[in-house]
Number of protein chains: 2
Amino acid sequence: MSKTDRRIIRTKNEIKQAFFSLLSEKNFEAITVRDITELANINRGTFYLHYVDKYNLLEQYENEIFEKFNAILDATTNLDLDINQFKQERLPVMVRILQVFYEEADFLKLILGPNGDPYFHEKMRQFFVRYFNAYLGNRTDKSKWRFPIELTLAYNSNAILGVITYWLQHDTQQSPEEIATMLIETILKGTFEASGLRSIFEKDSE
Amino acid sequence: MSKTDRRIIRTKNEIKQAFFSLLSEKNFEAITVRDITELANINRGTFYLHYVDKYNLLEQYENEIFEKFNAILDATTNLDLDINQFKQERLPVMVRILQVFYEEADFLKLILGPNGDPYFHEKMRQFFVRYFNAYLGNRTDKSKWRFPIELTLAYNSNAILGVITYWLQHDTQQSPEEIATMLIETILKGTFEASGLRSIFEKDSE
DNA sequence: AGAAATAATCAACACGATGTACATTATCTG
DNA sequence: CAGATAATGTACATCGTGTTGATTATTTCT
């Protein structure tokens with residue numbers, strides 16, 4: 001088997017650069033194949049030699065990313081640790097996930113941002129549902145939950161993804177470890193106690 | 001001044017019905033003006049008599065909604081209540097907000113859903129940032145927070161909007177009061193304690 | 001290095017959506 | 001009922017799409 005033709009590699013790189021550049025300017029839906037090929041200085045027909053359409057282009061980048069993320073969970077589920085150690089078990093996994101976000105920040109910042117793809121956002125959120133379920137699944141009796149567990153999963157998956165999106169959009173000022181700690185602490189303790197402000201708030205009477 | 005011409009009212013209603021119907025089937029970007037006018041049984045030219053384009057159409061519905069939401073916060077900020085009563089002060093406001101979601105569920109379900117508008121989602125999220133800030137603004141010294149307050153705002157605004165979106169998408173099985181309680185409790189106590197499962201989890205050592 | 005393979009280009013095409021224009025018809029308001 | 005105005009029907013130029021077939025340029029492999 002032979003290596004990929006150099007022309008293909010060059011063309012795909014030019015498309016990638018042009019596409020990402022456009023994505024930082026305008027909505028994915030507003031980007032045309034023409035836009036991409038003109039900016040990339042290639043013939044429009046050449047685009048169709050490699051991709052079915054712009055959706056297929058996006059899909060290929062997205063799939064690359066998901067393989068990375070899923071590999072992390074595949075390697076860490078069913079660890080069968082002590083039941084009460086949410087932080088001790090989930091924090092290292094979260095750090096590993098955030099490292100991928102950090103590595104792939106260029107793409108993820110765009111695709112999760114205001115010009116991004118809602119479907120990717122939803123798939124990413126489902127990933128964090130899986131992250132949660134991988135821990136909860138075996139350990140707690142779901143009928144004992146005060147609120148429907150789906151609401152709790154919606155709450156946490158959106159919270160996590162929201163913080164990460166903000167972090168990416170503001171140039172990853174914190175380390176993956178810092179963000180992971182903030183997330184796990186807030187999940188466990190709630191906003192005020194995690195932030196060290198519990199003292200000035202009363203425990204409410206319930 | 002005279003009443004609005006009946007023909008205008010009828011036409012706008014037909015457009016609205018057709019548009020919402022299409023939005024439940026496919027992505028906003030995939031919907032064409034043709035689609036709308038054919039389903040509405042009106043001439044395509046008639047559409048342009050009332051709206052600039054499909055974005056303008058969407059914008060008008062969105063603006064109607066935001067007026068309702070903003071009116072709630074405008075009426076409830078600066079209440080100058082006791083500093084430690086997050087739940088007592090914010091819960092009733094949240095209930096009022098959720099009642100609007102409930103009333104406008106038909107539209108909000110679609111526009112916040114997978115075929116919806118990411119920009120609307122973002123504006124809605126900003127609304128919840130405002131909801132939070134209206135309480136925090138005057139009451140806490142932001143330099144005392146363990147994590148950047150922006151991360152905490154991102155966490156909570158996304159969590160709230162995520163739960164509401166799930167709730168709408170699954171036909172509002174719970175009452176606005178139930179959802180509001182779940183949200184406020186989880187913000188205050190964290191996922192496990194709010195759900196009544198704290199007992200089986202150790203307080204972690206920090 | 002040269003021949004065969006294949007990637008990229010160019011030009012052209014049919015199709016469908018857009019937004020606008022204008023004359024005509026239908027409906028509403030006072 | 002008469003005047004106002006909303007809706008229709010038709011046409012048009014423009015733009016993006018996805019596909020085609022012939023031609024040129026580059027790369028790979030022997």
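Chain letters run A, B, ... following the sequence lines, proteins first, then strands; residues in each count from 1. Quick caveat, the model's predicted, so the values are computed rather than measured.
- Within a 6.0 Å radius of OH in A/Tyr119, other residues, nucleotides and ligands contribute more than 12 heavy atoms.
- Across the protein-nucleic acid pair, A/Asn41 atom CG and C/dA8 atom C1' stand 13 Å apart, rounded to whole Å.
- Between B/Ile9 atom CD1 and D/dT5 atom C1' the separation is 14 Å, expressed in whole Å.
- Among pairs with a residue in residues 8-18 of chain B, none fulfils side-chain hydrogen bond (donor to acceptor under 3.5 Å, both in side chains), at least two apart in sequence or across chains.
- Atom CG in A/Asn43 sits about 9 Å away from atom P in C/dA11, given to the nearest Å.
- Classification of A/Glu193 and B/Lys189 as a salt-bridged pair fails, no side-chain N sitting under 4.0 Å from a carboxylate O.
- The salt bridge (Lys or Arg N to Asp or Glu O under 4.0 Å) check on B/Glu103 picks up B/Lys68, with sequence neighbours excluded.
- Nucleic acid contact class of A/Asp5 (heavy atoms, under 4.0 Å, all strands): sugar-phosphate only.
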- May I have the step-by-step check of salt bridge (Lys or Arg N to Asp or Glu O under 4.0 Å) for A/Glu104 and A/Lys109, ending in yes or no? CA-CA 8 Å; A/Glu104 303 285 346; A/Lys109 177 195 330 200; over 6 Å; no

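- For the side-chain contact (heavy atoms from CB on, under 4.5 Å) test, residues two or more places apart in sequence or in another chain that qualify with A/Leu110 are A/Phe20, A/Leu23, A/Ser24.
- Salt-bridge annotation for A/Asp74 and A/Arg130: present, with a side-chain N of the basic residue lying under 4.0 Å from a carboxylate O of the acidic one.
- The C1' atoms of five pairs define one axis at each end of the helix from C/dA1-D/dT30 to C/dG30-D/dC1, and these two axes lie 40° apart (to 10°).
- C/dT29 atom P lies 10 Å from atom CD1 of B/Ile8, rounded to whole Å.
- Heavy-atom neighbours of A/Lys123 NZ from other residues, nucleotides or ligands within 6.0 Å: above the threshold of 12.
- Heavy-atom distances under 4.0 Å link DNA chain D to no residue of residues 29-40 of chain B.
- For residues 44-53 of chain B, proximity to DNA chain C is found at B/Arg44, B/Tyr48, B/Asp53, defined as any non-hydrogen atom under 4.0 angstrom from a strand atom.
- Residue whose closest nucleotide on DNA chain C sits further toward the 5' end, between A/Arg7 and B/Arg10: A/Arg7.
- Ring geometry, A/Phe127 versus A/Phe69: the interplanar angle falls from 30° to 60°, so the pair is classed tilted.
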